[in-house]
Amino acid sequence: CDAEAGVAGLDPSGLYTTQSGTSIATPFVTGVVALLLQHNPRLGPEQVHQLLRITSVRTGAIGKVWNVGAGWGLIDPVALVAMLRGGDVS
């Protein structure tokens with residue numbers, strides 16, 4: 001989840017709004033990590049970090065390395081599950 005890209009959703013009044021930053025990215029990343037650990041509860045923190053980093057999508061604006069605005073890129077839950085089903089994560 002790119003913390004700077006923003007997430008559109010409904011506010012309490014029923015209108016669409018956009019939010020960005022770590023406050024909005026954290027629930028999405030937490031949900032993906034919960035699904036990951038449900039699939040494989042034996043994973044440790046470093047393995048989770050590695051899987052998130054390896055399967056993140058990096059667009060041209062994000063680049064190939066970590067950056068302050070987007071971290072490692074956009075999380076990709078589909079790629080994460082595919083890697084778990086077919087690959088070694090150790």
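Nothing here was measured: the structure is a model prediction, and the numbers come from that model.
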### Message
Nearest 0.5 angstrom please: Arg42 CZ to Gln47 CD, how far?
### Response
11.0 Å
### Flag side-chain contact, heavy atom, 4.5 Å: Leu84 against Leu51
yes
### Task
Identify the two heavy atoms, one from Arg58 and one from Arg53, that lie closest to each other, and give their separation to 0.1 Å.
NH2-O, 2.8 Å
### Query
Within a strict 4.5 Å, meaning less than it, do heavy atoms of the Thr55 and Val78 side chains meet?
no
### Leu52 and Val32, any side-chain heavy atoms less than 4.5 Å apart
yes
## Note on the structure
dist Leu43:CG -> Leu36:CG (nearest 0.5 Å) comes out at 5.0 Å
### Task
Using the rule that two of Ile, Leu, Val, Met, Phe, Trp, Tyr join whenever any of their side-chain heavy atoms come within less than 4.5 Å, decide whether Leu35 and Phe28 are in one cluster.
no
### Cluster overlap Met83 with Leu37, hydrophobic side-chain contacts below 4.5 Å
yes
